[in-house]
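A short write-up of the structure that comes next.
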Amino acid sequence: MEKQTYEEIHDCLIKPRINPQRRKDKVYIGCGAGFGGDRPMAAKKLLNRVKELNYIVLECLAERTLAERYQAMASGGDGYDSNISEWMSLLLPLAVDRGTCIITNMGAMDPVSAREKVLEVASSLGIHLSVAVAHEVFVNESGSGSLPEKLVNMEGGVSTYLGAAPIVACLERYQPNVLITSRVADAALFLAPMVYELGWNWDDLELLAQGSLAGHLLECGCQLTGGYFMHPADKNRNLSFPNLLDLSLPYAEISSSGEICVMKAEGSGGILNFGTCAEQLLYEVVDFRGVTFQPLSRSKVLCIGAKPSAHPVPDKLLQLIPKHRGWKGWGEISYGGYECVKRAKAAELLVRSWMEEAFPGVSSCVLSYIIGLDSLKATSIGNHLSSWRASEDIRLRMDGLFQEKKHAQQLAKEFTALYTNGPAGGGGISTGVKKEIFLEKQLSRTCFLADRGKANRSQ
């Protein structure tokens, strides 16, 4: 195995690209994943169906999953998405054969180790490829980068939302088969290959606005093409099951002039229209006042009108700092049949009483709700007996957030005791305890980026 490495440090100031080259008049970018729990098989189907794809983006990271990766890494586990082997084993053979570059933020807290895992998978498959990494590092007071061989790039778990610039830098220098990032603004994963391939520069604000619009739509995954959209009560959204079964992930055709057409694979299920596009636009944080969607066919929508904001270049970047919030304990139990809600209420009171016996005062840290009765309400429905009688199958859930682990463990123990000490007819108890991490947000004026690539040649 021949390896080549190159490391380069940039500060967060985005400098204009020097004589950017237009490599293509149009670039085709697909979404292979819209969140960490998405379906790898759907991404493979998109690659199979849309042969012109130049890039496929796996957007698998959120603030919640970033906190989980930090917690796993702190406990000696993987700081990157542990599913990366499954995704790469499935997609690499076809993507490399087609010349489709995979861009993903599955690197999370440890993108350098994620790169090593991808190289390992490629070697096992006998695939020749190169992998680049765009990620954040911290520099010491002298201003030199601290880049040890085993790099943990998030000091103390702190991560900063990066933009498209470090991804473009990797594409320019390495032309990789796979590009792995740390925390990056979701739309930037899609915007970067547009900038690189179409010769855009960082002061082409109208083009960047259109590109960001495309990125915001694509990163929603199958929600753009009918996922999370079907509702039998709405005739415009009442998709049939076969139609929902064969959803296509979205992709886009982007021209050098900034014309955007979002599409789904021809002959696939789902739906792509004004409604699905508008719904996802409203979901995202862009200035949408001038945007219009023009359906060109059942599988293609023209997107135009995005404009840059009055202050398009921020002077600060958003940083995420992991903080220990305490210990979470929880329990669930099901009750069915006559007066099941009364039995659930009795179980709740028992658990609270037992908690008070063991640790006076801690029951105030516990929230309770009944799934199937009031779990989706902003407030409890109280003692409305008519609603109680209508419930035939419910599940009691109790959640506690405590400063001490033993209190969370006690809640789980007391909940389990309902089997022999609680009301009749309860079953299906599940409990759990975990350390709760949240990400505190702050703005930072400076961060440093490292663009690092490594080529792998399997012999």
Side-chain angles (χ1 to χ4, degrees), residues 28-50 53 55-65 81 83-84 86-87 90-91 94-95 100 102-106 185-187 189-191 212-254 260-286 288 291 293-303 376:
Y28 293 85
I29 303 171
C31 175
F35 78 115
D38 230 329
R39 302 179 60 249
M41 189 57 68
K44 185 176 181 180
K45 283 184 178 180
L46 184 68
L47 274 173
N48 270 316
R49 286 170 159 172
V50 185
L53 282 185
Y55 296 85
I56 188 166
V57 177
L58 310 179
E59 198 288 284
C60 297
L61 192 61
E63 292 182 10
R64 173 186 58 82
T65 46
D81 191 318
N83 295 315
I84 196 168
E86 177 190 2
W87 281 87
L90 189 65
L91 300 183
L94 186 56
T100 303
I102 299 173
I103 299 177
T104 182
N105 54 12
M106 296 177 87
D186 295 343
L189 295 164
F190 299 86
L191 178 62
S212 297
L213 169 63
H216 278 301
L217 293 173
L218 289 174
E219 61 96 358
C220 295
C222 281
Q223 290 183 99
L224 188 66
T225 53
Y228 211 60
F229 189 75
M230 187 269 275
H231 198 305
D234 184 341
K235 66 179 181 179
N236 296 312
R237 295 192 289 157
N238 189 16
L239 305 181
S240 66
F241 175 74
N243 200 296
L244 195 62
L245 181 63
D246 188 31
L247 291 179
S248 166
L249 282 157
Y251 69 103
E253 174 192 87
I254 307 100
I260 308 293
C261 285
V262 294
M263 294 178 277
K264 68 182 186 74
E266 290 291 343
S268 64
I271 185 171
L272 175 65
N273 60 18
F274 176 91
T276 61
C277 290
E279 184 177 81
Q280 299 313 309
L281 180 66
L282 291 172
Y283 169 74
E284 292 296 354
V285 284
V286 293
F288 53 81
V291 172
F293 299 118
Q294 299 175 10
L296 303 179
S297 71
R298 294 176 60 88
S299 302
K300 190 173 185 178
V301 175
L302 177 67
C303 312
L376 298 181

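Sequence positions, counted from 1, serve as the residue numbers for this chain.
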Shortest non-hydrogen contact from [X] toward [Y]:
X: Glu219; Y: Asp186; result: OE1-OD2, 3.6 Å
X: Gly267; Y: Asp246; result: O-OD2, 4.2 Å
X: Cys277; Y: Leu217; result: O-CD2, 3.7 Å
X: Pro250; Y: Cys222; result: CD-N, 4.2 Å
X: Met263; Y: Ala252; result: CE-C, 4.2 Å
X: Leu47; Y: Leu53; result: CD2-CD1, 4.3 Å

Give every residue pair that meets the side chain to side chain donor-acceptor pair (under 3.5 Å) criterion with at least one member in residues 28-45, sequence neighbours excluded. Tyr28-Glu253

Side chain to side chain donor-acceptor pair (under 3.5 Å) contacts touching residues 225-236 (sequence neighbours left out):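 As it turns out, the side chain to side chain donor-acceptor pair (under 3.5 Å) pairs with a partner in residues 225-236, which skip direct neighbours, are Asp234-Arg237.
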
Only counting residues at least two apart or in another chain, list the ones meeting side chain to side chain contact (heavy atoms under 4.5 Å, CB included) with Pro232.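 Met230, Asn238.
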
With sequence neighbours excluded, what pairs up with Ala43 under the side chain to side chain contact (heavy atoms under 4.5 Å, CB included) test?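 So Ala43 forms a side chain to side chain contact (heavy atoms under 4.5 Å, CB included) with Ile56, Trp87, Leu91, Leu249.
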
Got Ser248 and Leu46 here, is their nearest side-chain heavy-atom distance under 4.5 Å?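 Of all side-chain heavy-atom pairs linking Leu46 with Ser248, at least one is under 4.5 Å.
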
Is the shortest side-chain heavy-atom distance between Leu61 and Asp81 below 4.5 Å?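 They are not in side-chain contact.
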
Could you walk me through whether Leu213 and Ile260 pass the side-chain contact (heavy atoms from CB on, under 4.5 Å) check? CA-CA 9 Å; Leu213 169 63; Ile260 308 293; 5.6 Å; no

Return the [atom1] to [atom2] distance between [X] and [Y], rounded to the nearest 0.5 Å.
X: Leu281; Y: Thr276; atom1: CG; atom2: OG1; answer: 11.0 Å
X: Ser268; Y: Leu245; atom1: OG; atom2: CG; answer: 12.0 Å
X: Leu191; Y: Ile254; atom1: CG; atom2: CD1; answer: 9.5 Å
X: Phe229; Y: Leu224; atom1: CZ; atom2: CG; answer: 10.5 Å
X: Leu90; Y: Met41; atom1: CG; atom2: CE; answer: 5.0 Å
X: Lys264; Y: Leu247; atom1: NZ; atom2: CG; answer: 8.5 Å

Given side-chain contact (heavy atoms from CB on, under 4.5 Å), test Cys303 with Val262 step by step and report yes or no. CA-CA 7 Å; Cys303 312; Val262 294; 3.8 Å; yes

The criterion is salt bridge (Lys or Arg N to Asp or Glu O under 4.0 Å); which residues satisfy it with Glu63, sequence neighbours excluded? Lys441

By salt bridge (Lys or Arg N to Asp or Glu O under 4.0 Å) - contacts of Arg64 (at least two apart): Glu68

Could you walk me through whether Glu59 and Asn105 satisfy the side-chain contact (heavy atoms from CB on, under 4.5 Å) test, starting with their C-alpha distance in whole Å, then the side-chain angles of each, then the deciding distance to 0.1 Å, before giving a yes or no? CA-CA 6 Å; Glu59 198 288 284; Asn105 54 12; 3.0 Å; yes

Check against side-chain contact (heavy atoms from CB on, under 4.5 Å), Val57 and Leu218: CA-CA 9 Å; Val57 177; Leu218 289 174; over 6 Å; no

